[in-house]
Protein chains: 2
Amino acid sequence: MGTPSTSPSPQRPRGRPPKMAAPGAVATALRLLDEEGLDALTMRRLATALDVQVGTLYRHFATKQDLLAAMAEEMLAGCAGPLPEGTTWQEQVTELAGRLRAALLRHRDGARVYAGTHAVGPNTLSYTDTLVGVLRAAGLPTQAATRTAFAIVHFTLGHTLEEQAAAELIDSGLPAALDALHAALDRRRYPNLSDAAATITSTDFAAQFAHGLNLLINGLAVR
Amino acid sequence: MGTPSTSPSPQRPRGRPPKMAAPGAVATALRLLDEEGLDALTMRRLATALDVQVGTLYRHFATKQDLLAAMAEEMLAGCAGPLPEGTTWQEQVTELAGRLRAALLRHRDGARVYAGTHAVGPNTLSYTDTLVGVLRAAGLPTQAATRTAFAIVHFTLGHTLEEQAAAELIDSGLPAALDALHAALDRRRYPNLSDAAATITSTDFAAQFAHGLNLLINGLAVR
DNA sequence: ACCTGAACACCGTTCAAGT
DNA sequence: ACCTGAACACCGTTCAAGT
């Protein structure tokens, strides 16, 4: 009964074999992002890199926004993975927040891509679910755990956005940045910033991140 | 000596009177932003709104990025204004963070505009200086005060980014958003998120913001 | 001094037609 | 079923020429 076994495959039995696949396209898009940056990531350049016509991309992604959302989602792969055992909830929260920061930093303009898409895929959901779970296990009621998880994610996103902006500004030869710093050092106008020059010009972003994250964790004051 | 008093003005005595001025252009750009959103804010549309040719804009802003930076800077006008007297440092920090959130929310896509420009104008510098000042007055050493100020700004930026994204998603008829929520309610895959459905779907962004900000403030544990 | 007009080198998106 | 080829309606940016 049915067609003979000469049909090419039971899952995709007829028509031309696909020249491109969505997962591969996302991987190529992330490579292009790393090489050229977000502003240079166009549908046309992606099509060229995939050796395909531009229109073909719209068979897999309805809009460029959808492509970016798929990229943002892909970035979080693995962030919700198993946590080291025998650790305190504070260490687990620190681990999870660190994973998110690392995931966004791993790709050029990663934070901008993530911030620009309201990502709601399984990787993002799993990540948030895991973070809320750690906070509930620490003794927080559901609402407090959820709001705290969002606060941690929002802080991490904002921090990483600035960290990447600062990094790109630094290795692009900081033109107006030094002028602004000079203005900041004006003791009359910005007395506090001028005292803080060392901290402001510091590139120890890990310490800056740890400071903010510790504030959030300490603020919970869980017994 | 010199030209007679018939010359039009001592400051701009010769040539054609300017048809546009940078401050007016920024104000118009912010109005366009509110009306059409960031994606529709193009140099060409701004030129049309100003009744000027596109090229003329490049006399005042070297690039579109410069325009966006000027808009971001303008948004923070007044945020560093005098603080109410006779208040605790906690109340002052809350006031300042609330002003930043309000400033970013005041314009459509305001957070996205601010996040996309590494703003370093006087309004931004004054704001940060004021926040650092309040934290130092509360007893924090300079480095801790500065890092805390950045943490507060980064959290506020991240929170506001998500708040505006959620708001635009809500009044654009949330298409895939309900699907994602449905997935989140899958108790097998996201046990914690499904318990937190009420908090996740809440539109009480002010409470969400206050929660995160209080965490940061409590975390300081200043005597 | 300031603006116009026109061009250059691109974009995202759509869709008939091919195989 | 999947892709090509070509078009549509735009972009940001530059620059000679006008007044």
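No hydrogens, no waters, no symmetry mates; every other heavy atom, side chains included, goes into these values. In what follows, chains carry the letters A, B, and so on, assigned in the order in which the sequence lines appear, proteins first and then strands, with residues in each chain numbered from 1.
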Colleague: Taking salt bridge (Lys or Arg N to Asp or Glu O under 4.0 Å) as the definition, give me every residue that meets it alongside B:D195, ordered by chain and number, with sequence neighbours left out.
Modeller: A:R136, B:R187
Colleague: Calculate, to the nearest 0.5 Å, the distance between atoms OG1 and CG belonging to B:T130 and B:L135 respectively.
Modeller: 11.0 Å
Colleague: Using side chain to side chain contact (heavy atoms under 4.5 Å, CB included) as the criterion, list what pairs up with B:A27, not counting sequence neighbours.
Modeller: none
Colleague: Got a sec, which residues hit side chain to side chain contact (heavy atoms under 4.5 Å, CB included) with A:E95, two or more places apart in sequence or on another chain?
Modeller: A:L83, A:P84, A:R99
Colleague: Provide the full list of salt bridge (Lys or Arg N to Asp or Glu O under 4.0 Å) pairs with a residue in residues 47-74 of chain B, sequence neighbours left out, each pair given once.
Modeller: none
Colleague: Under the rule for salt bridge (Lys or Arg N to Asp or Glu O under 4.0 Å), what residues qualify as partners of B:D39, not counting sequence neighbours?
Modeller: B:R112
Colleague: Say you pick atom P in D:dA9 and the same atom in C:dA9; how far apart are they, in whole Å?
Modeller: 23 Å
Colleague: Could you pull out all residues at least two apart from A:H154 that satisfy side-chain hydrogen bond (donor to acceptor under 3.5 Å, both in side chains)?
Modeller: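 None.
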Colleague: Whole angstrom is fine here: how far is it from CG in A:D51 over to P in D:dG5?
Modeller: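 So the CG-P distance, A:D51 to D:dG5, works out to 11 Å.
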Colleague: Quick one: stems for DNA chain D, with Watson-Crick or G-U pairs under 3.5 Å, at least three in a row?
Modeller: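 Looking at DNA chain D, the stems formed by three or more consecutive pairs are C:4-8 with D:12-16, C:12-16 with D:4-8.
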Colleague: Can you list the residues that meet the side chain to side chain contact (heavy atoms under 4.5 Å, CB included) rule with B:A70, with sequence neighbours excluded?
Modeller: B:V26, B:F61
Colleague: Can you give one letter per nucleotide of nucleotides 11-19 of chain C, 5' to 3': B if a protein heavy atom sits under 4.0 Å from the base, S if only from the sugar-phosphate, - if neither?
Modeller: BBBBB--B-
